[in-house]
Each structure stands twice: as C-alpha cells, then as structure tokens.
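Start at 1 with the first residue, then count along the sequence. Both counts, for ligands and for their atoms, begin at 1 and track the order of listing.
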Amino acid sequence: MLTQLREIVEQVSAAAELQSALDILVNKTRAVMGADCCSIFIVQSQQLSLMAACGPCADAIGELSLPLGEGVQWQVALREEPINLADIHQHPRFIDLPGLCDTQLHGFLGVPIIHQRQVLGVLVVQQQQKRFFDESEESFLVTLAAQIAVVIAHDEAKGKLQTGLHLGICQHFQGLASAPGIGIAKALIWNPHVELEQVGIHKAEYPARQLVRLDLAIEQVFDELDRVSLCLKETLSGDTLAIFDIYRHLLKDPLYLQGIRDEIGQRSHTAATAVKLVSERMVAQFSQMRDPYFQERSSDIRDVARRLLSRLVQNEVDQQEFPDEFILIAEEISAATLAELPRDKLRGIVSAHGSHHSHAAILAKALGVPAVMGLNLPLDELNHSSLIIDGYSGDLFVNPDSSTMQRYREYQAQESSLIDDVMHHEQGPAALEDGVEISLLLNIGLGEEQIHDGLHFDGVGLYRSEYPFMLQDSFPSELEQQASYRAILKHFRDKPVCMRILDVGGDKLLPYFPVVEPNPFLGWRGIRLMLDHPEIFLQQLKAMLRADQGLGNLSIMLPMVTTLHEIFESRRLLEQAWKELKEEKEGAGEEITALPRLGVMLEVPSLLYLFDELAGKVDFISIGTNDLTQYLLAVDRNNTRVSPLYDVLHPALLRALEPLPVLAREHGKPLSVCGELAGDPIGALVLVAMGYRQLSMNRMNLSRIKYILRRVRLDELQPLLKQGMAEESSELLRKSFTDYLEFKKLGGFLRAGA
Ligand code: PEP
Ligand code: MG
C-alpha cells in the first residue's frame, strides 16, 4: 500500500489544477481500496459540497451540498476525526439525499481534510458490504486527506489571489511576522519558477544578444546541475543521480540547441520564446512515442527547459535597473541573495519558507528590512503587483485599497518619526532610569553595512564569521581570512571584539562544502564540524591570531558546544596555533600579542546542566537564545509549520535562563546574551530584570533597546518578571510587559501604529 500511496501522492501533487487533483485522488483511492465509491466534500459557505466522486454518486458532482450539520459527512468535519461505520444507515445522523446513493452503500469511512487546524472538507470511501474498514485502510485514507489538504489550501489561496489581481481589489493574506517594519512597494520576483506555457511569443530586437543570453543560461544550468548533484550525492542512489547526466546530455544535444538557435537567428525570437517553442515541439514528439522510456524523456525536456527559462528570466531581472523601491518575493531567501540586492531600494521581503528565527530573517532585521515569511501562496503571481507588508504582524495586502494604503502610510510615518527620535538619542552608554548600567554590544558579520557614527556601544559581542565563507566559491585562504578579520579588529580597535568560530551546518551551508543530512540542526554543525576538520579550524584560528597582532582586542567564541571535551580540544588547537605564531615571532625578534580569551556560546541545553564546570573552563559565556530555544523546545527554528511553538518567552526557557547571572557572578565569568531575544523590546527587559547586564544585538536594535532601557526602572521590571514567571505559559508575562511598554509610551516598538 505504501508504494500505491506514494504514487497517488505524486500524481495528485503533479496535477495542474485542483479539480484534476481531486479527480485523480478519488479514482485512484477507490481502485486501491477496492471501495465502491470515493468522494470528496469541500466546506463552502457553511455547506459541504460534493466536488469529486467516483462510483454511484459521481452524477451528483457540483449539485449536491449538505447544509451545516446534516449527514454523517458533517459529523466527520465537526468532530475533526474519522468515522468508520459498518452500516451508515444505522447512524442517527444518516440522511438519504437524492444523488448520494446511500441506499446501496453501507460500509462508510470518512476522514476530515484539515490544514493548519482548519477543516477544509471530508474524504469518504463507501462500500456495499456491511463491514468496518480496517485499521490500515483508515490510516491510508488519513494520510491521503493530509496530502490533499495542502493542495486545497494552496488552491484556495491561489483563487483568492487571482480574483483579487483580476478584479484589482485588495486581498489580505496572513504570514509570519519575521522582521519588523512596514514595507510599501511593488513586488519583484526572485528566482522565478517558469513553466513553458507561461512564456509568450516575443520577437527580439537584437537576436545576437539573445544568443549570448542563451549561452549564459546554458552555462548557468550546467553549474546548477553540478551543484545539485554534488549536494545529493550522499543521499541519492546512482540510478537516481543518473537523471542529472540525462539533463546534461540534453543541454549538449546538437539538435535541441540548434533548434533553439535557429528560432533566435532565423525567426528573431527571444531566447525564452525559442526555448519554449523547441521544447514544446520535442515534448509533444516524445510523449507520443510508444516506448515508455521515451515517453519519460518528455518530462526531462520539460524540466531542463524550465531551468533554462528560470535562468533567462532571472538574468533579465539581474540586468534590469532595479526599480527605486521594491519588495522582494521568493520561495526562499538566502543571505547570499540579500547580498546581491541594492539595499537602498529594498523595501521588504516576502517568502514562502522560513520564519522569524531563520538566518535570513535575522539578516533582514539587521538590515532594517521588514519581512513576512511562511506564505502558502503562488508567489510568482505577485510579480509587479502593489503590496503592503507589515513585519510586526505578518500581514500582507495585495492591491491595497486607498484606505488601507492611507492607514499604513500613517503607520510608516509614525514608525520613521520614532526611529528618528531613537537615532537622536543613541550617544552615551545605556543605563536604566534608576541608574543600573547595561553594557550593549553589537552583533555583526552578516554583511550588513555597519554605520556606527554617533552610536555608542561597548564592543562587538558576536561576529558571525561564516558569512564571508558563504559568499565564496571555495574556502577563503588564511591570508584572505586574516585580511578581513584584521579590518574588523582595526575598525573597532578601541573596543573588545568577540569573533565566533565558523558556525556552518543547519541552515547555513557552504556551496562548496555540501553537507546533506536528514536532521541538519541536530547534525554536523559548528564546533562538531570544525573539530572533525582541524585543518580548517587551525587555519581560521591562525588567521584570527595574526589579525590580532598589535591590537589585542580579539576574543574567540565556540558555537554549538555540547560537551566540555569540545572546549578542551578547541583550547588545545588555539594554544597550538598561538605557540606556532609565537615561535615565528620570536624568530623574527618580535613580540606576540597575548593569547585571546576563549568563550563559548551556550546554545545546547546540555550546558545548562554543566554550567559550573563550564564556567571553570572558559573565560566568558554568551547565550545563543536562538538555538537554545530551538533545542530546548525541540522546534526547528527554520520550519514555518511549527513556528507558533517557537516561543522565546516560554516558561521553560525563562526558568533555564533565570539562575545563570548569579551563577556566572559567583564564578567571576562575564555572561552575555547574543541571541535575538536580547534585541527584542520585551526580551531585553525580561533579561535585564533577571540580572543580565550585557546584551548583544544588531545595530538597528541597539539604538531602540538603548532608548527603551533609558525609560524603564529595574524596580518596576522585577515584579512583572516575578509574576510572569509563576505562570504556566508566556501569555501573561508578554501581556504585562506589553502593557508596561504602552504605559511608558514605548508601545510603538512592538507594532505598527501603536
Ligand atoms: C543563537 O543561536 O542565538 C546565535 C546567536 O547564533 P545563530 O543565530 O547564528 O545560530
Ligand atoms: Mg546559534
């Protein structure tokens, strides 16, 4: 049954539109389960409407609707659980509706179709025989219902979007608030997915240029295939990987390429049109062949053509003058993508994947760009439409009407006057109203422009060293690393700079060092990878030590530490690198700068229970609340589906954090927080109330947090914390800190227009 299940799921997902997906589902399910009837009802305006059916009730498709609460089908939807009956006629809610043919059918199994806790419909199988469906049949149907739920939800969103775009009316969609701020601009699609059918027939003014564009796109697709096959090498079998050879072969096929070149050279078509015409012709030829092997090839041609078209469209976007203002739309945003964009024109980010705590969101926050992620929409359709995004609440408005536009322009004006006010008050150290001093440090290293003029801060609390590694085609050499670290240490020469050792793995991958794992966040990440590759680790340590010569403001921090042994091993390598440098220096009659302080990030929960031993082995500790939250709550920080569970104020997390400032003081070890919690208005107040006195955050947040801290009092924060910590959930704590900020006229930092 598993193979059949997989087959049905694949065919349903590949269907071009919802109705064919539903038809495939009912036909295949009925056949596989040997049922007499299979049907799908969808909730529409408080009715359950029969949308697809196979068997005796097929004639009633589109005509039959069950009013709210009527029929056993409604019971399935209302109870949100399967109902399995040997004879539906015996059920008190049974109704004999014309068209439903229930008189002949007895055995009944209905399962709800649910997406994100919302019931979208009911999937039903029926049989003439009076018998219960067995357990395996029930779980088969439940699995299918979960699959079709995604397809239906996507189609509903698509329908709503298309209607809005067609009629030019305002439509609202809810995503995840991922980086604060209001963005108003036209959408610009990045890395589009282009189907052959979407490409129009266009003539080119300069065919020679089109030929150059074609060659570039072919080269890019070759590179892309190499990269993808390299990444999948460890997980896919040789047979499956052979598909990439077929693609490469096709991209070299003289007939295919000559056909495209002729369309451009002889008929003056654009490169995209030429790819479309030639590929469509070949797809048609291959699909008509008898041999299944050749029939299969038609989907390969389609896939290769899709890749070529995406590149051609993307290159056009790259070359075009970016509009003065745009909101970037993409399936997934990477730090590398953000690096390629003109930041002065970027007004916001919308993506299907990711959430508040993914690294793309952290970067967006550092750049001050609002972001809304986790939208289950056909994003390609948004291209060039007018958008408003609210990064405080996750709202997205497509084609906003004038009143929505006016409201958001007002919010935007309030926001920018608040930011102006904040910027005017950023000099001088941070202290609470009642004089308690807080040391504020900067998080840097994501490639964000650091403009520090006029800003007072106490040092760099976190330099994420992986970003330069992510933007290269190969590992940067020791000399290259040294130069970039030196530039940073020199730039902040009068302040301490804490550089974190390369933290790759999880959602931060190096294109030239593919790591494919089933659970990347629980896998080969951070210090684990570095200790397994001492040559890479030592090179980075040496580059950092050399960069620090004559400056002495460097400290080094280890990411993703789980055991004390990892610290021991890392210190051994650090001392080895330092001694080598010392000998070299002594040989040249020069002095060496002192061994930098070595600290760890506390981001794996194991260290919470080893805190005393840990404090004895390191020079400082910095808490990475982004990962600590993910690991303590077992919630993938990058996964849109579980993002509501990623609660940075979860009582378990707060109880873990609360005792640490006292413990660290007892050990005489500096303790800071460098996760996003420190730069969050409520998070920062909670941490300060707990006794944390060193907070590290991005430049945008640093000004805001300083502004807030100067207007609050410790003796007012502590009772709020005490009361909130006694609760079972974070709700009350969040509310009391929100009310407090509102009371202090600082609510504007929490959401637009407050
Ligand atoms: C953290 O985990 O809190 C942290 C600061 O590191 P990163 O977000 O880079 O994983
Ligand atoms: Mg981390």
Side-chain angles (χ1 to χ4, degrees), residues 178-179 334-336 338 354-367 371 440-448 460-470 497-510 520-530 555-562 566 599-608 620-639 643 646-650 653-654 656-657 660 671-680 683-684 686-687 692 694-699 701-702 705:
S178 301
S334 68
L338 284 182
S355 79
H356 190 73
H357 309 280
S358 29
H359 282 96
I362 292 178
L363 177 53
K365 282 183 247 173
L367 296 172
L440 295 186
L441 305 158
L442 270 181
N443 284 357
I444 62 165
L446 288 165
E448 68 275 40
V460 172
L462 170 64
Y463 165 69
R464 288 179 163 100
S465 70
E466 50 277 2
Y467 189 68
F469 282 72
M470 286 162 75
V497 175
C498 174
M499 292 195 161
R500 179 171 76 180
I501 291 299
L502 191 62
D503 182 22
V504 290
D507 65 344
K508 288 181 284 191
L509 297 174
L510 303 179
F521 278 112
L522 296 183
W524 210 36
R525 231 199 118 178
I527 202 68
R528 302 173 180 183
L529 188 150
M530 292 302 264
S555 56
I556 293 176
M557 184 153 73
L558 309 173
M560 190 69 193
V561 170
T562 315
E566 288 163 339
V600 289
M601 293 201 60
L602 196 166
E603 46 186 357
V604 178
S606 62
L607 294 191
L608 290 169
F620 63 93
I621 298 163
S622 188
I623 304 178
T625 47
N626 306 339
D627 278 314
L628 187 60
T629 311
Q630 128 162 299
Y631 295 127
L632 202 64
L633 304 184
V635 179
D636 178 346
R637 64 193 267 185
N638 220 17
N639 186 332
S643 86
Y646 188 104
D647 181 1
V648 289
L649 297 175
H650 191 287
L653 183 70
L654 298 188
L657 293 177
L660 306 185
L671 176 71
S672 63
V673 177
C674 64
E676 293 297 295
L677 188 65
D680 173 80
V686 166
L687 290 169
Y692 287 87
Q694 269 193 42
L695 305 178
S696 193
M697 62 201 73
N698 69 44
R699 194 249 179 272
N701 285 341
L702 200 141
I705 297 298

Heavy-atom nearest option to atom 5 (C) of ligand 1, drawn from E603, E466, R464: R464
Could you find the nearest protein heavy atom to atom 7 (P) of ligand 1 and give me its residue, atom name and distance? H359 NE2, 3.3 Å
Measuring from N701:CG to D680:CG, what's the distance to the nearest 0.5 Å? 8.0 Å
One finds that the ligand 1 atoms under 4.0 Å from a non-hydrogen atom of L462 are 5 (C)
Using a 4.0 Å cut-off to any heavy atom of C674, which atoms of ligand 1 qualify? 5 (C)
Looking at T625, which atoms of ligand 1 are within less than 4.0 Å of one of its heavy atoms? 3 (O)
Which atom of E603 approaches the Mg ion (ligand 2) most closely (N/O/S): OE1
The Mg ion (ligand 2) to nearest N/O/S of D503 below 2.8 Å: no
Honestly, for N443 the part within reach of ligand 1 (heavy atoms, under 4.0 Å) is neither
Please determine whether a side-chain nitrogen of the Lys or Arg among D503 and R464 lies less than 4.0 Å from a carboxylate oxygen of the Asp or Glu. no
In terms of atom number and element, which parts of ligand 1 are under 4.0 angstrom from non-hydrogen atoms of R525? 10 (O)
Is the closest heavy atom of Q630 to ligand 1 under 4.0 Å? no
Atom 6 (O) of ligand 1: nearest protein contact (heavy atom, Å): R500 NH1, 2.9 Å
Compute the minimum heavy-atom distance from E676 to ligand 1 and say whether it is under 4.0 Å. no
Compute the minimum heavy-atom distance from R637 to ligand 1 and say whether it is under 4.0 Å. yes
Among the N/O/S atoms of D627, the Mg ion (ligand 2) lies closest to OD2
Would you please determine whether M601 falls within less than 4.0 Å of ligand 1 on a heavy-atom basis? yes
Run the side chain to side chain contact (heavy atoms under 4.5 Å, CB included) check on H650 and T629 step by step: do they pass? CA-CA 9 Å; H650 191 287; T629 311; over 6 Å; no
